[in-house]
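Beneath this line is the structure, given in structure tokens, with notes to follow.
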Amino acid sequence: MELGLEGKVALVTGSSRGIGRGIALALAAEGCDLLLTGRDVPALQDVANSIRSERRKAAVCALDLRQPAAAATLVEAARREFGGLDILVNNAGLFLGKGIEEASLEEWHRLCAVNLTGVFLGTKHALPALRERARQSPHGSAIVNLASVAGLVGSQLDPLYSMTKGGVTLFTKSTALEFARKGYRVRVNSIHPGLIQTDMGEQTFVSRARNLGSNDVDAVRQQAMSRHPIGRLGVPDDIAKGIVFLASDDSGFMTGAGLVIDGGSTAQ
């Protein structure tokens, strides 16, 4: 199946490990050139080398997205390295794992800086470049925001993370409508992973065990798995495949939508 991604340029934030790494490699496998960003330079270079081994181009831009100028610098790098930008994947995110009473204001600000402000600034600064490329594509350009099932249903154990991901969910819908109204031809969709086996996923299990007054992380992991009707936890490639679809021409009639990939957990 031809996805229409050959030769397109994608910027993936938080692409050094986990879901972000999987997204970058999956887009490269479909013919994209990649601008990779994060704070772990050796890990980013490893991803870049893997992409180059597939005969695609990759550039690394190590930045802290909590810094206000970071997003603008990334888009400038995309223009300089590749001549433009077709796809933005706002993947970078933080997990806190604390309840309302335990979380400090400083921790809340740090969570918002990446999960909300980073998505806003990434979208804002990438928009001019995406609009330019959209004029050359039958289905325009694409933004995909990493939300979560925690942005669709309530969270007993981490309401602040849920609050930020709920914000990403509605930001996605609102920007999709704004860009359509303005005729920009930039589609915006979100993806909502369930529990995925990554470093952040493991952090989720540790936090849940702590919040439940237990140190039995394995028991919490098994309990989480039992809540997935499909019978397993997700892996990064499950999410990467959804991102590839939302970034491709095959999703050309989708904007303002949320793709849930959660093993059936929110169907209950």
side-chain contact (heavy atoms from CB on, under 4.5 Å) partners of H125, counting only residues at least two apart: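 If we apply the side-chain contact (heavy atoms from CB on, under 4.5 Å) test to H125, skipping adjacent residues, the hits are A71, A72, V75, L121.
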
Within the 4.5 Å heavy-atom criterion, are [X] and [Y] side-chain neighbours or not?
{"X": "T198", "Y": "P236", "answer": "yes"}
{"X": "V144", "Y": "L88", "answer": "no"}
{"X": "K165", "Y": "N115", "answer": "yes"}
{"X": "Q67", "Y": "L63", "answer": "no"}
{"X": "L160", "Y": "K98", "answer": "no"}
{"X": "I100", "Y": "W108", "answer": "no"}
{"X": "P193", "Y": "V149", "answer": "no"}
{"X": "Q197", "Y": "R232", "answer": "no"}

My understanding is that only residues two or more places apart in sequence, or in another chain, count here; which of them pass side-chain hydrogen bond (donor to acceptor under 3.5 Å, both in side chains) with [X]?
{"X": "N189", "answer": "none"}
{"X": "D86", "answer": "R133"}
{"X": "S104", "answer": "E107"}
{"X": "R17", "answer": "D40"}

Say whether, by atom type as modelled, one donor and one acceptor occur between the side chain of [X] and the main chain of [Y] under 3.5 angstrom.
{"X": "S53", "Y": "S50", "result": "yes"}
{"X": "S141", "Y": "A134", "result": "yes"}
{"X": "E102", "Y": "G99", "result": "yes"}
{"X": "H192", "Y": "V260", "result": "no"}
{"X": "Q268", "Y": "S265", "result": "yes"}
{"X": "R110", "Y": "L96", "result": "no"}
{"X": "T266", "Y": "D262", "result": "no"}

D158-S155 side chain donor-acceptor pair, cut-off 3.5 Å: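 The criterion, which ignores hydrogens and geometry beyond distance, is not satisfied for S155 and D158.
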
Plane angle bin for F171 and F120 - parallel if under 30°, tilted between 30 and 60°, otherwise perpendicular: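 Rings of F120 and F171: perpendicular, over 60°.
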
More than 12 heavy atoms of other groups within 6.0 Å of M254 CE: yes

Flag if over 12 foreign heavy atoms under 6.0 Å of CD, Q136: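 Result for CD/Q136: enclosed.
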
Nearest non-hydrogen partners of [X] and [Y], listed with the distance:
{"X": "G20", "Y": "N91", "answer": "CA-ND2, 3.3 Å"}
{"X": "V244", "Y": "A26", "answer": "CG2-CB, 3.7 Å"}
{"X": "A147", "Y": "V168", "answer": "CB-CG1, 4.1 Å"}
{"X": "A92", "Y": "G14", "answer": "CB-N, 3.9 Å"}

Got a second to check how far [X]'s [atom1] is from [Y]'s [atom2], nearest 0.5 Å?
{"X": "T172", "Y": "N145", "atom1": "OG1", "atom2": "CG", "result": "4.0 Å"}
{"X": "K241", "Y": "I191", "atom1": "NZ", "atom2": "CD1", "result": "12.0 Å"}
{"X": "I51", "Y": "L25", "atom1": "CD1", "atom2": "CG", "result": "5.5 Å"}
{"X": "L195", "Y": "L233", "atom1": "CG", "atom2": "CG", "result": "6.0 Å"}
{"X": "S16", "Y": "L36", "atom1": "OG", "atom2": "CG", "result": "9.5 Å"}
{"X": "L34", "Y": "E54", "atom1": "CG", "atom2": "CD", "result": "11.5 Å"}

Spell out, yes or no, whether [X] and [Y] are grouped together once hydrophobic residues are joined by side-chain heavy atoms under 4.5 Å, including indirect joins.
{"X": "I196", "Y": "V12", "result": "yes"}
{"X": "I243", "Y": "F245", "result": "yes"}
{"X": "V114", "Y": "V119", "result": "no"}
{"X": "L127", "Y": "L65", "result": "yes"}
{"X": "L246", "Y": "L130", "result": "no"}

Among I143, T13, L11, L146, side-chain contact (heavy atoms from CB on, under 4.5 Å) partner for V89: L146

Hey, are [X] and [Y] close enough for a salt bridge, meaning a charged N less than 4.0 Å from a carboxylate O?
{"X": "K173", "Y": "E178", "value": "no"}
{"X": "R56", "Y": "E30", "value": "no"}
{"X": "K8", "Y": "D249", "value": "yes"}

Derivation and outcome, side-chain hydrogen bond (donor to acceptor under 3.5 Å, both in side chains), residues S251 and R187: CA-CA 9 Å; S251 63; R187 297 178 293 105; 3.0 Å; yes

For F95, all residues meeting ring pair (Phe, Tyr, Trp, His ring centres under 6.0 Å), sequence neighbours excluded: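 Scan of F95 (ring pair (Phe, Tyr, Trp, His ring centres under 6.0 Å), adjacent residues dropped) gives Y161.
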
Chi angles and distances behind the side-chain contact (heavy atoms from CB on, under 4.5 Å) call for N49, V47: CA-CA 5 Å; N49 289 336; V47 180; over 6 Å; no

Trace of the side-chain contact (heavy atoms from CB on, under 4.5 Å) decision for V9 with I87: CA-CA 6 Å; V9 178; I87 299 159; over 6 Å; no

Chi angles and distances behind the side-chain contact (heavy atoms from CB on, under 4.5 Å) call for L27, L5: CA-CA 8 Å; L27 287 169; L5 289 171; 4.3 Å; yes

L94 and T164: CA distance, side-chain angles, deciding distance, side-chain contact (heavy atoms from CB on, under 4.5 Å) verdict: CA-CA 10 Å; L94 290 180; T164 62; over 6 Å; no

